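Atoms considered below: every heavy atom in the structure, side chains included; atoms not considered: hydrogens, waters and symmetry mates. Predicted, not measured: the structure shown is a model, and the values here were computed from it. Labels below follow one simple rule: chain letters A, B, ... track the order of the sequence lines, proteins then strands, and each chain is numbered from 1.
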Number of protein chains: 2
Amino acid sequence: MRRTVDFKRKQKVIVVDDKYEHASGVRELVNLENDYEVIANAGNANVAISLIKKYQPDIVLMDINMPEMDGVNAIAEIQKLGVKTRIIVLTAYDDADLIYRAMKVGACGYVLKTMVSAQLIKALDEVSMGKIYLPNVLCSKFFEYFQEFEKNGNVNKEDDGEENLLHYLTNREEEVLSLLLEGATYKDVARELFISETTVKTHVNNIFQKLQVKEKTQAVLYAINKGFKPKAKKIAV
Amino acid sequence: MRRTVDFKRKQKVIVVDDKYEHASGVRELVNLENDYEVIANAGNANVAISLIKKYQPDIVLMDINMPEMDGVNAIAEIQKLGVKTRIIVLTAYDDADLIYRAMKVGACGYVLKTMVSAQLIKALDEVSMGKIYLPNVLCSKFFEYFQEFEKNGNVNKEDDGEENLLHYLTNREEEVLSLLLEGATYKDVARELFISETTVKTHVNNIFQKLQVKEKTQAVLYAINKGFKPKAKKIAV
DNA sequence: TTTCATCTAAATCTTTAGGTTTAGATAAAA
DNA sequence: TTTTATCTAAACCTAAAGATTTAGATGAAA
């Protein structure tokens with residue numbers, strides 16, 4: 001197992017855990033390694049953030065207690081600090097949702113407390129070298145969740161079961177609608193498309209018929225709901 | 001390395017690659033293993049899909065050529081078939097975007113052609129056991145991309161740098177706005193909130209002032225852009 | 001108590017929006 | 001060649017939206 005043996009300073013580590021004994025245990029474990037040095041403990045997210053701002057550690061070992069779940073927010077906050085600190089989650093929970101959210105907001109590693117201490121050191125090694133450390137089991141969990149999430153969350157609005165009435169619109173009608181989606185009045189549309197306002201009204205009326213709505217705002221809302229994307233956009237200067 | 005030794009049938013594999021020699025090579029390689037059997041080759045996505053529908057293989061080894069990038073669409077299509085077939089991507093490209101998109105649409109494994117053949121078999125083993133196979137290097141690439149994507153793509157609309165004028169709205173104004181967001185006319189709002197239409201107009205005008213817009217549709221669009229969420233919704237029966 | 005924000009609503013007005021009908025021009029399709 | 005679809009636009013109308021001013025009621029804050 002290659003370690004960062006080059007004559008560099010020790011990697012500065014901060015341990016965040018609301019249970020002091022836990023933090024101490026981790027501290028001792030990490031301090032046994034030559035390459036790492038725990039420079040501080042933090043009992044909660046706020047303290048952790050100020051310590052990180054102050055010391056700019058290389059790595060944060062962060063305990064996340066599932067029930068509260070604000071550990072994830074803490075990670076997100078730390079990311080926003082703009083420091084190069086990398087975060088490894090150290091938790092008792094292998095919950096797929098937790099893994100997903102932690103990784104999403106920028107965690108670089110995820111280690112279970114039930115795992116042997118060697119894994120923690122491995123995580124430190126990998127992460128300090130700029131890699132992501134996610135044990136296979138957890139990686140699988142992550143992807144299960146991720147793929148499920150993408151399937152349901154990013155529902156393709158263009159076919160949500162119901163018929164997409166937008167398909168019936170002609171090109172011109174789509175052009176008109178896309179301008180309405182920018183908040184244009186009929187007069188604006190007329191000016192933009194070089195047609196008379198009457199013509200605009202005709203188009204708009206046809207749009208209403210096809211979308212089965214009775215108003216401009218409703219048409220706009222329908223379009224947004226169905227994920228309307230104008231094909232070619234006329235640039236207004 | 002534990003393999004699925006239990007007295008089960010061989011895992012049925014289909015190889016998808018537009019280069020026949022490639023497919024043949026993979027076929028021979030896989031057929032050397034006792035646990036797997038390549039039952040068909042496909043030269044393109046369409047053929048692959050009909051073969052999958054017909055044979056319902058356990059695993060598909062799919063080549064993806066970066067330039068075209070419709071391999072990802074093919075994976076998505078296969079997912080929609082509702083078969084339990086699992087897909088392993090086999091490609092020459094370790095592009096982060098490609099990895100991300102392939103995994104997103106449901107790939108279960110990702111192997112580079114430059115990797116040794118043992119890795120391919122490892123991938124087959126892992127995936128056939130229901131796990132995800134993503135070598136560490138690729139895993140890191142994925143997460144780099146994923147985290148970057150979540151940072152930029154899922155911008156929190158509530159603070160996108162610009163001031164959120166929605167904050168200035170009073171409760172009543174928010175109620176009115178939320179009804180407008182459902183496509184309500186002023187009359188509708190008046191009926192819904194048990195106030196006169198004149199009052200509605202007053203509120204709406206105040207909303208316009210605060211949101212710095214001049215029209216209902218624009219107000220609605222502003223609200224949607226800023227991720228407006230009505231606090232308490234009055235239920236209309 | 002006075003000020004201030006909020007919600008209410010009237011009166012009066014102009015401007016858009018929307019409905020309906022009719023119809024000319026064009027180009028593609030049958 | 002005759003439909004058919006599409007885009008155009010007029011005339012004429014009603015309804016809705018929006019601007020502006022004024023003002024009463026309430027309740028919280030100073």
Legend entry - Distance, rounded to the nearest Å, where Asn205(B) contributes CG and dA9(C) contributes C1': 13 Å
Inset, instruction - Give a yes or no on whether a salt bridge exists between Glu144(A) and Lys141(A), defined as a side-chain N under 4.0 angstrom from a carboxylate O. - result: no
Between the protein and nucleotides 25-30 of chain C, which nitrogen or oxygen pairs are less than 3.5 angstrom apart?
none

Inset, instruction - Sugar-phosphate means primed atoms, P, OP1 and OP2; the rest is base. With that split, encode nucleotides 5-17 of chain D 5' to 3' as B, S or - using protein heavy atoms under 4.0 Å. - result: -SSBBBB----SB
Legend entry - Ring centroid separation Phe143(A) to Phe142(B) under 6.0 Å: yes
Counting only pairs under 3.5 Å, give me each side-chain donor-acceptor contact of residues 51-62 of chain B, with atom names and distances, residues two or more places apart or in other chains.
from: Asp58(B); atom 1: OD1; to: Arg9(B); atom 2: NH2; distance (Å): 3.1
from: Asp58(B); atom 1: OD2; to: Arg9(B); atom 2: NH1; distance (Å): 3.0
from: Asp58(B); atom 1: OD2; to: Lys12(B); atom 2: N; distance (Å): 2.6

Legend entry - Considering all heavy atoms, the nearest Ile75(B)-Gly106(B) contact: CG2-C, 4.4 Å
Inset, instruction - Could you list the residues that satisfy side chain to side chain contact (heavy atoms under 4.5 Å, CB included) with Lys187(A), not counting sequence neighbours? - result: Thr185(A), Arg191(A), Glu197(A)
Inset, instruction - To the nearest Å, give me how far apart CG (Asp188(A)) and P (dT16(C)) are. - result: 9 Å
Legend entry - Partners passing salt bridge (charged side-chain N to carboxylate O under 4.0 Å, His left out) against Glu173(B) (at least two apart in sequence or in another chain): Lys210(B)
Legend entry - Spacing between Glu174(B) atom CD and dT6(C) atom P, to the nearest angstrom: 12 Å
Under 3.5 Å, which donor-acceptor pairs do the side chains of residues 19-27 of chain B form with other protein atoms, sequence neighbours left out?
from: His22(B); atom 1: ND1; to: Lys113(B); atom 2: NZ; distance (Å): 3.4
from: Ser24(B); atom 1: OG; to: Tyr20(B); atom 2: O; distance (Å): 3.0
from: Arg27(B); atom 1: NH1; to: Asn41(B); atom 2: OD1; distance (Å): 3.4

Inset, instruction - Give the minimum heavy-atom separation between Ile64(B) and Leu98(B), together with the two atoms involved. - result: CG2-CD1, 4.0 Å
Legend entry - Protein-nucleotide distance (Ile207(B), atom CD1; dA19(D), atom C1'), rounded to Å: 15 Å
Inset, instruction - Starting at atom CD of Gln209(B), determine the distance to atom P of dA5(C), rounded to an integer number of angstrom. - result: 15 Å
